[in-house]
Amino acid sequence: MDRDACLRARAVADSPSNASALGGSLLRSLDSLEDLARWRDEVINLHRQAILGISTVPDVASCACNGTGSRVTCPVAASTLEALLAAGIARMRENGELAVDADPARLAMGLTAALRGGSLLAKTTRDIAQLEAALDLALSCLRSHSAG
């Protein structure tokens, strides 16, 4: 892959539209565990439709470049999704739904890892249960930081 194609791939991977395709529209206003559960359901439904061939979901790892034009793995909008999750988790902490010691950045990183790993497994095995389990366990961990 040439350097220009690689740079275009990175731009597409980091675009807000790809974040929206992975539930980013819900994450922009995320401020409760209930919102996060709705996001999980939307992501699961998008992947289910992709497995059935009804729609497509951006790959969790698409081509990007390392500056030299070499092909390396780059998550689709991972930084955008992680930032949206961290901001939403911070809002949950601020509104008292999560304990003050909850670490939004770390929890967002865990959710993003669950999404990426579960998505990859769901696509390769064509079994949505892999993604459901990964996200459910990540959300369970997040819920363990509930206030009170």
Side-chain angles (χ1 to χ4, degrees), residues 1 5-67 71-95 97-147:
M1 168 175 289
C6 206
L7 289 171
R8 283 191 302 275
R10 172 172 253 155
V12 168
D14 288 334
S15 74
S17 63
N18 275 339
S20 293
L22 290 172
S25 57
L26 284 174
L27 293 179
R28 285 180 176 75
S29 60
L30 176 72
D31 68 357
S32 70
L33 290 170
E34 186 178 308
D35 289 346
L36 201 52
R38 277 195 299 273
W39 168 78
R40 175 253 187 228
D41 293 344
E42 181 176 316
V43 168
I44 296 295
N45 287 331
L46 288 168
H47 280 77
R48 183 174 287 116
Q49 290 174 5
I51 287 171
L52 295 173
I54 298 168
S55 69
T56 61
V57 175
D59 288 334
V60 294
S62 70
C63 172
C65 59
N66 62 7
R71 190 177 174 121
V72 296
T73 301
C74 177
V76 171
S79 60
T80 302
L81 284 169
E82 195 168 317
L84 290 170
L85 283 164
I89 292 167
R91 285 189 293 274
M92 284 185 252
R93 188 178 64 182
E94 290 165 9
N95 72 20
E97 190 163 1
L98 295 179
V100 295
D101 64 346
D103 182 348
R106 186 159 176 82
L107 291 167
M109 186 186 308
L111 276 169
T112 303
L115 172 62
R116 292 177 64 206
S119 177
L120 180 62
L121 288 169
K123 288 177 184 180
T124 58
T125 64
R126 302 194 57 74
D127 181 2
I128 199 69
Q130 306 272 351
L131 176 59
E132 289 172 328
L135 288 177
D136 289 347
L137 287 169
L139 290 177
S140 178
C141 176
L142 196 137
R143 284 186 196 99
S144 75
H145 292 277
S146 292

Is the shortest heavy-atom distance from the side chain of [X] to the side chain of [Y] under 4.5 Å?
X      : Y      : result
Leu85  : Leu115 : no
Leu135 : Trp39  : yes
Ile89  : Leu111 : yes

Out of curiosity, [X] [atom1] to [Y] [atom2], how far, rounded to the nearest 0.5 Å?
X      : Y     : atom1 : atom2 : answer
Ser144 : Leu98 : OG    : CG    : 9.5 Å
Arg126 : His47 : CZ    : NE2   : 12.0 Å
Arg48  : Asp41 : CZ    : CG    : 9.0 Å
Glu97  : Asp35 : CD    : CG    : 8.5 Å

Is a side-chain donor or acceptor of Thr112 paired with a backbone partner of Ala108 at a separation under 3.5 angstrom? yes

Side chain Arg91, main chain Leu30, donor-acceptor under 3.5 Å: yes

Indicate the atoms forming the closest heavy-atom contact of [X] with [Y], along with that distance.
X      : Y      : result
Cys141 : Leu107 : SG-CD2, 4.4 Å
Ser119 : Leu131 : N-CD1, 3.5 Å
Asn95  : Asp31  : ND2-O, 2.7 Å
Leu33  : Met92  : N-SD, 3.6 Å
Arg93  : Pro104 : NH1-CD, 3.2 Å
Ile51  : Asp127 : CD1-N, 4.1 Å

Strictly below 4.0 Å, N to O, side chains only: are Arg38 and Glu34 in salt-bridge contact?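 Judged by the 4.0 Å cut-off on N to carboxylate O distance, Arg38 and Glu34 do form a salt bridge.
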
